[in-house]
Amino acid sequence: MTQGINTVAEHRATRINQSKLPEEIAFLSELASNFYWSWNASATTLFRDISPTIWEEIEQNPSELLRRISELRLRQVAIDEDFIARLKTVEAEYRSYMAEPIQTFEGITKENPVAYFCAEYGVHNSLPIYSGGLGILSGDHLKSSSDLNVPLIAVGLLYRYGYFRQKIAHDGWQEERYLDVFDQERALFPVVDGNGDRVLIEVELNHTTVVVQAWLARIGRISLYLLDTNIEDNSPDDRLITGHLYGGDRETRILQEKVLGIGGVKFLRELKQTPSVFHLNEGHSAFLTLELTKEAISLEPNLSFEEAAAKVRQKCVFTTHTPVAAGNDEFAMELIDEYFSDKFLDALKISRNDFHALGRTNPEDTSEWFGMTPLAIRMARKANGVSKKHGDVSRELWHKMFPEVESAEAVPITHITNGVHPSTWVAPALAKIFRKHIGNDWIAKSRTKDSWESAVNSIPAKELWQVHGELKGLLIAFIRERTKRRLTGQENTINEHKDTSGLLDPNALTIGFARRVAAYKRWDLIMHDLDRLLRMINDKEHPVQFVFAGKAHPQDRTAKQILQSLMKINHDSNWQNRAVFIEDYDQEIARYMVHGVDVWMNVPRRPLEASGTSGQKVAMNGGLNFSVLDGWWIEGFNGTNGFAIGGEDDASAETDQIDEEDANSLYEMLEETIIREFYDRFDSGIPEKWVERMKNSIATLTNQFSSDRMVADYFKQIYEAK
Ligand SMILES: *Cc1c(COP(=O)(O)O)cnc(C)c1O
């Protein structure tokens, strides 16, 4: 990583004074400063309509749009009556949204909110500090918290170079590059004190300290503080601590987690924040429990470590997100010793041995590394997994930490099933149908199961099918655009076609598959019997086509090899017009895909998918899930709202045998049910049985897998101390 590092001062010098906006449209600047615009379709289209070309070029970033746009264009929109009227409506909605009084809960108020900690946030693609599922989930958690108007603030890291951008070379090998987040204007605001000076805190590393500043991102009514070490006072290495998301070595990772956990608590204190609950969303932030313990002892010097820790535990809750080993951070004790000084441990009144034991599943086993999940489980009053099944799996997995508990069922780990934010993920064109047939308050209605189900059933099949066709048309147009040879001709990637106008068929059954490339996600399952697959693809009357996207972790060579071997099929001419891999999966691509596919396929090796959320986005849009019964789909599938692959049993037989069985089940379901139902057009000209399933999907899955339901559950079952 050889990028030079620009200083914040240099960045701020490039900040354009937005006072150049004519008065009539001055509100655009405020609107751009709050990610509220990203889940309000009228606000989004206002920005887009200022300049659709620039909008697409800059990845839908309103702040950058306002910097780039010409004065001439601004003056044009300022006298466009239609535009002004739309702007006024959005402004009125925004003002009343922001003015609503906040809810309070038992012990949780505006003065003592929940402090939500996460290593990544996927709010919108114009804030590129997320890698995948965890980030999208935390972004949706903040948006629903805003909509429900609950007392919550959030802490994360500002990765100067974000997550990598993906390119697939001609030979199928994934290449990574990083872009400077501040190459564009961003809706990020320096956190300053009453005198306008940056609020700074220090985090002790070992022999040195690093200075940390923060940026504020406004997510509707929620404040998200993003910590950043890229300050001149810090050494060049330390400035890069918050450089790359999941990009560095173990040493960078431990430093990032110290900045997030310890720096996060210190920062909130500097802002005079007194949270009643600290939510460790994933173990990355678990060091925050140590800082809280240190605080408790400095307030009451008579407390022992155990007494102080018991107080801290009353304030902390923890969510585990994966049973996959690589997703549970661990550090070698040498690394822990290097970055936790004697002075720090003295202040905690804990011996080094006892400190090591905090991070082990078995405190006595000196061969174990220091795990962030064991630390979090020990230091939190509540722990939960992210689906019913994942609750079971987590209780089994961490049973070893509770030797006094006899059966795994009694292990104190519960579950809250993940959900997604409907106004972010439901396509605007479909939301229009919801408004027409369900009402302008369709979001509010979606929060009550029964009224939502009957309301959805009143949508005429014909209208639903038509809007789905339009969304599929958009997806295909987007793909044709994305895979065309770039004008520079220098791209040198798999997607360099001169003419993409024949790519994919808007009438063909379209199956989407987008997720991280990792062995357990079984990207190659669909290729298990290539001849059988090609027969389906090449069927003249009832063809099937595929849209793929996904990134391999930059340090995961196995995953990159999986991706490369999959790319070989790209050279098969039969395959070429019927399947496409879109590079650089992100939220923008995800939106097009979940809006427009007919079927969403998911084939993880059971029981390794903790929840999964992309299928939930598809379900709300009327796409049909075609998935292994793992994670959320076990709870969601009811026989009529999608399709299941294989059985419910976890892998007990040889994996090869399970893969074989699942592949067969997948082909059979495709050939005998999915393709038939999709192409079975009735006298009405529409596939009535299929549309019935689409309606069932929207009716039965939207309420249950909405992040509004999820956040409400967190408040009732996890945050409120009972
Ligand atoms: C929703 C989403 C995910 C999560 O996908 P799952 O594989 O279902 O966990 C990942 N990346 C992006 C860009 C998403 O929008």
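Whatever order the structure lists them in is the order used to number ligands and atoms, beginning at 1.
In terms of modelled atom types and a separation under 3.5 Å, the side chain of Gln587 and the main chain of Gly122 share a donor-acceptor contact. In terms of modelled atom types and a separation under 3.5 Å, the side chain of Gln545 and the main chain of Arg578 share no donor-acceptor contact. A side-chain donor-acceptor contact under 3.5 Å links Asp630 to the backbone of Leu608. Although no hydrogens or angles enter the test, the distance criterion places no donor-acceptor pair under 3.5 Å between the side chain of Arg165 and the main chain of Arg177.
Aromatic ring pairs are classed by plane angle as parallel below 30°, tilted from 30° to 60° and perpendicular above 60°; the pair Phe546 and Phe548 is parallel.
By the 6.0 Å and 45° rule, Arg515 stacks over the aromatic ring of Phe513.
Scanning all heavy atoms of the two residues, the minimum distance from Gly385 to Ile413 falls at N-CG2, 4.1 Å. Residue Phe643 comes nearest to Trp633 through the heavy atom pair O-NE1, 3.2 Å, listed as atom of the first residue, atom of the second, then distance.
With a 4.0 Å cut-off on non-hydrogen atoms, Ala590 touches ligand 1 through its side chain and not its backbone. At a 4.0 Å heavy-atom cut-off, ligand 1 does not touch Arg516 at all.
Atoms of ligand 1 found under 4.0 Å from any heavy atom of Gly132, numbered from 1 in the order shown, are 10 (C), 11 (N). Heavy-atom proximity to Asp586, at under 4.0 Å, picks out these atoms of ligand 1: 13 (C). Counting the atoms of ligand 1 from 1 in the order shown, those under 4.0 Å from a heavy atom of Arg515 are 7 (O). In the vicinity of Gly612, heavy-atom distances shorter than 4.0 Å reach the ligand 1 atoms 8 (O), 9 (O).
At least one N or O atom of Thr613, backbone or side chain, sits closer than 3.5 Å to an N or O atom of ligand 1. The distance criterion of under 3.5 Å between nitrogen or oxygen atoms is not met by Gln587 with respect to ligand 1. Close N/O approach between Glu609 and ligand 1 is not found [any backbone or side-chain N/O within under 3.5 Å].
Trp425 counts as a contact of ligand 1, since one of its heavy atoms falls under 4.0 Å from the ligand.
The closest protein non-hydrogen atom to atom 2 (C) of ligand 1 is Lys617 NZ, 2.4 Å. Scanning the protein for heavy atoms near atom 11 (N) of ligand 1, the closest one is Tyr585 CE2, 3.4 Å.
Distances from atom 10 (C) of ligand 1 to the heavy atoms of Ala518, Gly550, Gly133, Ser614 show the closest one on Gly133.
Aromatic rings of His279 and Phe318 (six-membered ring for Trp) have centroids beyond the 6.0 Å cut-off, not under it.
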